[in-house]
Amino acid sequence: TRSTRPQRLLKVVQKHATRGDPQSVISAIDHFCRHSEWAMNVGDEKGSILDSVVSELNPEKVLELGTYCGYSTVRIARLLPPGARLITLEFNADYAAIARQVIAWAGLEDKVQLVEGASEDWIPRMKEHFGIETFDFVFLDHWKDRYLPDTKLMEDCGLLRKGTVLLADNVICPGVPDYLEYVRNSLSYKSYYFKSHLEYTKAEDGLEKSVFLG
Ligand SMILES: Cc1ccc(Cc2cc(O)c(O)c(C(=O)NC/C=C/[C@H]3O[C@@H](n4cnc5c(N)ncnc54)[C@H](O)[C@@H]3O)c2)cc1
Ligand SMILES: [Mg+2]
């Protein structure tokens, strides 16, 4: 039977990227998605904004919701200081299997813990299962109707501290209206919109950076 797009993306990484070189993995995926098959990675343009937010923050404890093929996982993990940890949640077993191999090809498996399961099941278990007190940085890029409930769940589980940064992909396209309304109107967040484009296209999209105020 025909291969899947994530399988073809992994093949491109293994053919064109250099083992242990995260930038070559990122470039191989971006070239494939721009010239062969579009895929829902955060992409190079929004990815540069993601890079700048991570570099400025230098986070020790990072959570990513929605691994997909591991593109943003690699983007974030490559910038983390030694000893820092990224936990990424992915409930599709096929995508998780591809992402593990992409992350390994980039040589970042020591910084990344890919957990196969649903965010709503694992967010409440972060403290007892992973010994996480609070996260410094959270990247939201999973199903768009889960951004708001999962943010409230992280608040309720005490996983956010004064200064924790949430960065949400796709706040315009596909759009997350309920999440935007919440972080932009809640007294518990200071929110900023980074205007950009939907990955590999000319359509408008953007990232929303929201700082939890405690
Ligand atoms: C109209 C329209 C359609 C599509 C686009 C294009 C477009 C552009 C984008 O950047 C996008 O991020 C998306 C998008 O839909 N992303 C959803 C991404 C899900 C991944 O996360 C996984 N997952 C989903 N919920 C959970 C969950 N609870 N726990 C654990 N993993 C979860 C899934 O298993 C997938 O691996 C779409 C633009 C406009
Ligand atoms: Mg996205």
Side-chain angles (χ1 to χ4, degrees), residues 4-10 13 26 29-30 32-34 36-51 53-54 62-76 86-103 112-126 129-130 132 135 137-157 159 166-180 183 193-210:
T4 66
R5 182 165 304 179
Q7 283 168 334
R8 293 192 291 274
L9 181 149
L10 173 62
V13 165
I26 291 164
I29 294 173
D30 284 332
F32 173 72
C33 293
R34 196 171 284 286
S36 302
E37 300 188 58
W38 184 92
M40 59 184 180
N41 315 120
V42 72
D44 45 359
E45 191 181 317
K46 289 185 290 178
S48 300
I49 299 167
L50 169 62
D51 289 357
V53 171
V54 173
V62 178
L63 176 64
E64 176 180 60
L65 303 178
T67 317
Y68 187 44
C69 296
Y71 174 89
S72 48
T73 319
V74 168
R75 283 204 85 111
I76 297 167
L86 191 167
I87 295 174
T88 183
L89 305 181
E90 174 52 60
F91 64 9
N92 180 306
D94 299 326
Y95 296 162
I98 298 292
R100 282 189 207 290
Q101 297 173 79
V102 168
I103 293 159
V112 176
Q113 184 149 16
L114 194 161
V115 178
E116 207 171 306
S119 53
E120 52 271 27
D121 298 336
W122 280 96
I123 285 171
R125 304 182 58 195
M126 283 298 153
H129 198 89
F130 296 101
I132 295 276
F135 285 105
F137 178 67
V138 183
F139 183 56
L140 298 92
D141 195 18
H142 55 336
W143 293 150
K144 309 312 164 193
D145 61 1
R146 289 300 315 173
Y147 283 28
L148 183 54
D150 283 345
T151 297
K152 291 183 169 175
L153 188 55
M154 287 187 285
E155 289 175 17
D156 297 345
C157 295
L159 288 168
L166 307 186
L167 189 66
D169 189 25
N170 310 116
V171 297
I172 302 297
C173 178
V176 281
D178 60 343
Y179 174 81
L180 272 193
V183 291
Y193 175 61
F194 292 83
K195 183 176 163 63
S196 184
H197 295 95
L198 178 66
E199 50 267 27
Y200 318 115
T201 76
K202 292 184 165 46
E204 180 178 345
D205 190 18
L207 299 170
E208 187 83 1
K209 175 185 170 184
S210 306

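Remember, it's 1-based here, ligands and their atoms both numbered in the order they're listed. Just so we're clear, the structure is a prediction, and the values are computed from it rather than from any experiment.
The CD atom of Glu90 sits 9.5 Å away from the OH atom of Tyr68 when rounded to the nearest 0.5 Å.
Judged by distance alone, the side chains of Asp150 and Ser119 do bring a donor and an acceptor atom under 3.5 Å apart.
Pro124 and Cys157 make their closest contact through CA-SG, 3.8 Å (heavy atoms, listed as atom of the first residue, atom of the second, distance). For the residue pair Lys144 and His142, the shortest heavy atom distance occurs at NZ-O, 2.9 Å.
For the pair Ser48 (side chain) and Asp44 (backbone), a donor-acceptor distance under 3.5 Å is present.
For Tyr193, the ring pair (Phe, Tyr, Trp, His ring centres under 6.0 Å) test picks out no residue, with sequence neighbours left out.
Nearest to the Mg ion (ligand 2), among the N, O or S atoms that Asp169 has, is OD2. Within Asp141, the N, O or S atom lying nearest to the Mg ion (ligand 2) carries the name OD1.
Cation-pi geometry between Arg125 and Trp122 is satisfied (NZ or CZ under 6.0 Å from the ring centre, within 45° of the ring normal).
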Identify all N/O pairs between ligand 1 and the protein with a separation under 3.5 Å and present them as a table of atom names and distances.
{"residue": "ligand 1", "atom": "10 (O)", "partner": "Asp169", "partner atom": "OD2", "Å": "3.1"}
{"residue": "ligand 1", "atom": "10 (O)", "partner": "Asn170", "partner atom": "OD1", "Å": "3.0"}
{"residue": "ligand 1", "atom": "10 (O)", "partner": "Asn170", "partner atom": "ND2", "Å": "2.6"}
{"residue": "ligand 1", "atom": "10 (O)", "partner": "Glu199", "partner atom": "OE1", "Å": "3.4"}
{"residue": "ligand 1", "atom": "10 (O)", "partner": "Glu199", "partner atom": "OE2", "Å": "2.5"}
{"residue": "ligand 1", "atom": "12 (O)", "partner": "Asp141", "partner atom": "OD1", "Å": "2.8"}
{"residue": "ligand 1", "atom": "12 (O)", "partner": "Lys144", "partner atom": "NZ", "Å": "2.9"}
{"residue": "ligand 1", "atom": "12 (O)", "partner": "Asn170", "partner atom": "OD1", "Å": "2.8"}
{"residue": "ligand 1", "atom": "16 (N)", "partner": "Lys144", "partner atom": "NZ", "Å": "3.3"}
{"residue": "ligand 1", "atom": "28 (N)", "partner": "Ser119", "partner atom": "OG", "Å": "3.0"}
{"residue": "ligand 1", "atom": "28 (N)", "partner": "Glu120", "partner atom": "OE1", "Å": "3.1"}
{"residue": "ligand 1", "atom": "29 (N)", "partner": "Ser119", "partner atom": "N", "Å": "2.9"}
{"residue": "ligand 1", "atom": "31 (N)", "partner": "Phe91", "partner atom": "N", "Å": "3.2"}
{"residue": "ligand 1", "atom": "34 (O)", "partner": "Glu90", "partner atom": "OE2", "Å": "2.5"}
{"residue": "ligand 1", "atom": "36 (O)", "partner": "Glu90", "partner atom": "OE1", "Å": "2.6"}
{"residue": "ligand 1", "atom": "36 (O)", "partner": "Glu90", "partner atom": "OE2", "Å": "3.3"}

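Taking 2.8 Å as the criterion, Asn41 does not count as a coordinating residue of the Mg ion (ligand 2), since none of its N, O or S atoms falls below it.
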